[in-house]
Engineer: 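Got a structure here, written out as structure tokens. Questions coming.
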Amino acid sequence: MATHTLEPFELDFFDSAPIAYRFSVDLPISPSGAWAEFSRQNTLDWCRLIKKITFTSDAPYGVGTTRSAVLAPGGLHLSEYFFDWTEDPGAGRYRNAFRVVESNVPSLRRFGEMTEIVPAEHGSRLTWAFGIELSGPAAKLPGSSAAAAPLLSTLRTDTVKHFSDLS
């Protein structure tokens with residue numbers, strides 16, 4: 001499988017990416033419980049779009065942690081690098097962000113995710129942000145942001161169901 005190196009970016013990319021998608025939902029679980037689900041080995045196993053997530057660094061995780069992911073459909077393979085990892089258990093505030101460093105898809109220039117969990121009135125509030133920039137001919141396709149939204153929205157649906165089942 002051929003791999004392609006993607007370009008790096010910082011947190012502001014999640015607001016400025018050509019394809020930016022973000023959602024927030026309240027979860028009926030404590031911030032620490034939600035964070036434990038998002039930072040465990042084989043996380044996101046509740047999401048239809050994700051076949052497998054594997055931390056390739058040893059715990060405890062932090063800045064510099066690496067992870068591999070296989071997404072469906074099409075067997076998209078990603079090598080991820082966490083450039084942000086903030087845990088404040090006393091305040092119930094958690095955040096991490098990764099950028100993809102290698103992928104088997106040549107049309108990706110930059111891709112990453114940011115996950116933030118904070119206290120809410122009843123449980124916690126999850127904000128999940130995605131930033132994508134395509135390259136080559138794919139970058140010129142009109143409506144690529146609109147086309148990505150329905151796929152990414154399944155992450156919201158699957159996450160709400162998973163955490164409802166946990167409570």
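These values consider heavy atoms only, across backbone and side chains, with no hydrogens, waters or symmetry-generated copies.
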Engineer: I need the minimum non-hydrogen distance between Phe163 and Glu37, along with the two atoms involved.
Structural biologist: CZ-CB, 3.7 Å

Engineer: Identify the two heavy atoms, one from Phe14 and one from Gly131, that lie closest to each other, and give their separation to 0.1 Å.
Structural biologist: CD2-N, 3.7 Å

Engineer: State plainly whether one hydrophobic cluster holds both Val70 and Leu49, where clusters connect Ile, Leu, Val, Met, Phe, Trp and Tyr through side-chain heavy atoms under 4.5 angstrom apart.
Structural biologist: no

Engineer: Run the side chain to side chain contact (heavy atoms under 4.5 Å, CB included) test against Ser39 and tell me which residues pass, sequence neighbours left out.
Structural biologist: Trp35, Trp85

Engineer: Go through the steps for Arg93 and Ile117 under the test side chain to side chain contact (heavy atoms under 4.5 Å, CB included), then give the verdict.
Structural biologist: CA-CA 6 Å; Arg93 302 181 73 81; Ile117 298 169; over 6 Å; no

Engineer: Please name the pair of heavy atoms, one in Gly92 and one in Pro119, separated by the smallest distance, quoted to 0.1 Å.
Structural biologist: O-CD, 3.2 Å

Engineer: I'd like to know whether Ile50 forms a side chain to side chain contact (heavy atoms under 4.5 Å, CB included) with Leu155, so could you lay out the CA-CA distance, the side-chain angles of the two residues, the decisive distance to 0.1 Å, and finally the verdict.
Structural biologist: CA-CA 9 Å; Ile50 299 170; Leu155 298 174; 4.3 Å; yes

Engineer: Quick one: pull up CD in Glu116 and CZ in Arg95 and give me the separation to the nearest 0.5 Å.
Structural biologist: 6.0 Å

Engineer: Any side-chain to backbone donor/acceptor pair from Thr115 onto Leu126? Under 3.5 Å, distance only.
Structural biologist: no

Engineer: Taking all non-hydrogen atoms of both residues into account, name the closest pair between His77 and Asn104 and its distance.
Structural biologist: N-OD1, 2.8 Å

Engineer: Test of understanding: clusters of I, L, V, M, F, W, Y form through side-chain heavy atoms closer than 4.5 Å, transitively. Do Ile19 and Val100 belong to the same one?
Structural biologist: yes

Engineer: Closest approach of Ala17 and Ile132, non-hydrogen atoms and distance?
Structural biologist: CB-N, 3.7 Å

Engineer: As an exercise, state the distance from CG of Leu44 to CH2 of Trp128, rounded to the nearest 0.5 Å.
Structural biologist: 4.5 Å

Engineer: Under the side chain to side chain contact (heavy atoms under 4.5 Å, CB included) rule, what do Phe111 and Glu113 come out as? Steps first, then yes or no, please.
Structural biologist: CA-CA 7 Å; Phe111 175 65; Glu113 296 176 20; 4.2 Å; yes

Engineer: Group every Ile, Leu, Val, Met, Phe, Trp and Tyr by side-chain heavy-atom contacts under 4.5 Å, then state whether Tyr94 and Phe130 land in the same group.
Structural biologist: yes

Engineer: With distance as the sole test, does Thr65 use its side chain to make a donor-acceptor pair with the main-chain N or O of Gly62 at under 3.5 Å?
Structural biologist: yes

Engineer: Compute both the distance and the angle, then confirm whether Arg99 meets the cation-pi test with Phe83: under 6.0 Å from the six-membered ring centre, within 45 degrees of the axis.
Structural biologist: yes

Engineer: Which pair of heavy atoms, one from Leu108 and one from Leu6, lies closest together, and at what distance?
Structural biologist: O-CG, 3.7 Å

Engineer: Looking at residues at least two apart in the chain, or sitting in another chain, which of them share a side chain to side chain contact (heavy atoms under 4.5 Å, CB included) with Thr66?
Structural biologist: Thr56, Ser57, Tyr81

Engineer: Are Arg48 and Asp158 within salt-bridge range, i.e. N to O under 4.0 Å?
Structural biologist: yes

Engineer: Can you tell me if Gln41 uses its side chain to pair, donor with acceptor, with the backbone of Phe55 under 3.5 Å?
Structural biologist: yes

Engineer: Please list every donor-acceptor pair under 3.5 Å in which a side-chain atom of residues 23-32 meets a protein atom from a residue at least two apart or in another chain.
Structural biologist:
| residue | atom | partner | partner atom | Å |
| --- | --- | --- | --- | --- |
| Ser24 | OG | Thr127 | OG1 | 2.8 |
| Asp26 | OD1 | Arg125 | NH1 | 2.8 |
| Ser30 | OG | Ser32 | OG | 3.2 |
| Ser30 | OG | Gly33 | N | 3.0 |

Engineer: Please determine whether side chain to side chain contact (heavy atoms under 4.5 Å, CB included) holds for the pair Asp84 and Met114, giving the CA-CA distance in whole Å, both sets of side-chain angles, and the decisive distance to 0.1 Å.
Structural biologist: CA-CA 9 Å; Asp84 180 73; Met114 191 255 325; 5.5 Å; no

Engineer: If you count the non-hydrogen atoms of other residues, nucleotides and ligands that lie under 6.0 Å from CG in Asp165, is the total more than 12?
Structural biologist: yes

Engineer: Measuring from Asn42:CG to Thr54:OG1, what's the distance to the nearest 0.5 Å?
Structural biologist: 5.5 Å

Engineer: For the residue pair Phe38 and Trp46, categorise the inter-ring angle as parallel (less than 30°), tilted (30 to 60°) or perpendicular (more than 60°).
Structural biologist: perpendicular

Engineer: Would you give the length of the straight line joining atom NZ of Lys52 to atom OG of Ser68, rounded to the nearest 0.5 angstrom?
Structural biologist: 7.5 Å

Engineer: Nearest 0.5 Å, please: how far is CD in Glu87 from OH in Tyr61?
Structural biologist: 11.5 Å

